[in-house]
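First listed ligand is number 1; within each ligand, the first listed atom is number 1.
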Amino acid sequence: MKEIITNYDDLLEMLDSLLREPTKFWEDFYSDREKEIPFFVNKPDENLVEYFEKKLFKQGKVLELGCGPGRNAIYFAEKGCLVDAVDLSQKSIQWATERANEKNVNVNFICDNIFNLQIEEGIYDYVYDTGCFHHIAPQKNELY
Ligand SMILES: C[S@@+](CC[C@H](N)C(=O)[O-])C[C@H]1O[C@@H](n2cnc3c(N)ncnc32)[C@H](O)[C@@H]1O
């Protein structure tokens, strides 16, 4: 951490240094698949199901941010969407891939930090997040 803050980047660096490193946290988090965590259950979000039932969502190209073990990405794919799904945890991506294979659906799972994504404007019809953004520190919020 810099001792003297002279510009905005120095400030962001200082704030980042106060936070836990997210990759290790999430890798540890996914080390036990038997934990009683609501989103470990392989069921999509109720609101997402409702969006499709009410025809608010239809087939399209989807980017899911922080997809975890893949329950929503897989549901989008089952609904006929083309899905890119990103998570920084290798363990979660491995789990998500196994689940997609079991259901015989195709999802492009990407193991990376969402801040590293190079996204061409307008290529996605939907960008979906459940529970990823609220783990992002406020100083990073230029992303959204
Ligand atoms: C609360 S979990 C939700 C998982 C999934 N969306 C679900 O609802 O089943 C948050 C997820 O965001 C991922 N995540 C957090 N920060 C991230 C980042 N900067 N880049 C990519 N993934 C991130 C974590 O690894 C974790 O899988």
Exercise. Can you pull out the closest protein heavy atom to atom 17 (C) of ligand 1? Residue, atom name and distance to 0.1 Å, please.
Key: Leu88 CD2, 3.5 Å
Self-check item: Exam field: side chain Lys35 to backbone Phe29, donor-acceptor pair closer than 3.5 Å
Solution: yes
Practice problem: Working to the nearest 0.5 Å, report the span between CG of Asp32 and NZ of Lys91. | Solution: 11.0 Å
Quiz item: Is there a heavy atom in Phe40 that sits closer than 4.0 Å to ligand 1?
Solution: no
Quiz prompt | Heavy-atom donor-acceptor pair, Asp84 side chain to Leu63 backbone, under 3.5 Å | solution = no
Exercise. Return yes or no for this condition: an N or O of Ser92 is under 3.5 Å from an N or O of ligand 1.
Key: no
Quiz item: Say you draw a straight line from CD1 of Ile114 to CZ of Phe133; how long is it, rounded to the nearest 0.5 Å?
Solution: 5.5 Å
Practice problem: State the CD-CD1 distance between Glu98 and Ile93, to the nearest 0.5 angstrom. | Solution: 12.0 Å
Quiz item: Only one of Phe57, Tyr128, Tyr126 forms a ring pair (Phe, Tyr, Trp, His ring centres under 6.0 Å) with Phe52, so which one is it?
Solution: Phe57
Quiz item: Is there a chain of hydrophobic side chains (I, L, V, M, F, W, Y, each step under 4.5 Å between heavy atoms) that links Val62 to Val86?
Solution: no
Quiz item: Can any side-chain N or O of Asp45 pair as donor or acceptor with the backbone N or O of Asn72 at less than 3.5 Å?
Solution: no
Practice problem: For Thr130, take its heavy atoms, then give the atoms of ligand 1 lying under 4.0 Å from any of them. | Solution: 3 (C), 5 (C), 6 (N), 8 (O)
Self-check item: Region of Asp129 engaging ligand 1 - heavy atom pairs below 4.0 Å
Solution: neither
Self-check item: Element-labelled atoms of ligand 1 that are located less than 4.0 Å from some non-hydrogen atom of Gly68
Solution: 4 (C), 5 (C), 27 (O)
Quiz item: Among protein heavy atoms, which sits nearest to atom 19 (N) of ligand 1, and what does the distance come to when rounded to 0.1 Å?
Solution: Asn113 OD1, 3.0 Å
Self-check item: Nearest non-hydrogen protein atom, atom 10 (C) of ligand 1
Solution: Gly131 O, 3.3 Å
Quiz item: Atom CD1 in Ile74, atom OG1 in Thr97: separation rounded to 0.5 Å?
Solution: 8.5 Å
Quiz prompt | Protein heavy-atom partner closest to atom 8 (O) of ligand 1 - residue, atom, separation in Å | solution = Arg71 NH2, 2.8 Å
Exercise. Report the distance from atom CG of Asn113 to atom CD1 of Ile136, rounding to the nearest 0.5 Å.
Key: 7.0 Å
Quiz item: Does Phe29 approach ligand 1 within less than 4.0 angstrom via side chain, backbone, both or neither, non-hydrogen atoms only?
Solution: neither
Quiz prompt | Minimum-distance protein heavy atom relative to atom 25 (O) of ligand 1 | solution = Asp87 OD1, 2.6 Å
Exercise. Give the residue, atom name and distance (to 0.1 Å) of the protein heavy atom nearest atom 2 (S) of ligand 1.
Key: Phe39 CZ, 3.4 Å
Self-check item: Heavy-atom gap Leu65 to ligand 1 smaller than 4.0 Å
Solution: no
Practice problem: May I ask you to check whether Tyr30 has an N/O atom sitting below 3.5 Å from an N/O atom of ligand 1? | Solution: yes
Quiz prompt | Which residue and heavy atom of the protein sit nearest atom 4 (C) of ligand 1, plus the separation | solution = Gly66 O, 3.5 Å
Practice problem: Between Cys67 and ligand 1, find which residue part has any heavy-atom pair under 4.0 Å and reply side chain, backbone, both or neither. | Solution: backbone
Quiz item: How many angstroms lie between atom CD of Glu64 and atom OH of Tyr75, to the nearest 0.5 angstrom?
Solution: 13.5 Å
Quiz item: Which protein non-hydrogen atom lies closest to atom 20 (N) of ligand 1, naming both residue and atom, and how far is it?
Solution: Ile114 N, 2.9 Å
Quiz item: Glu64 near ligand 1, heavy-atom distance under 4.0 Å?
Solution: yes
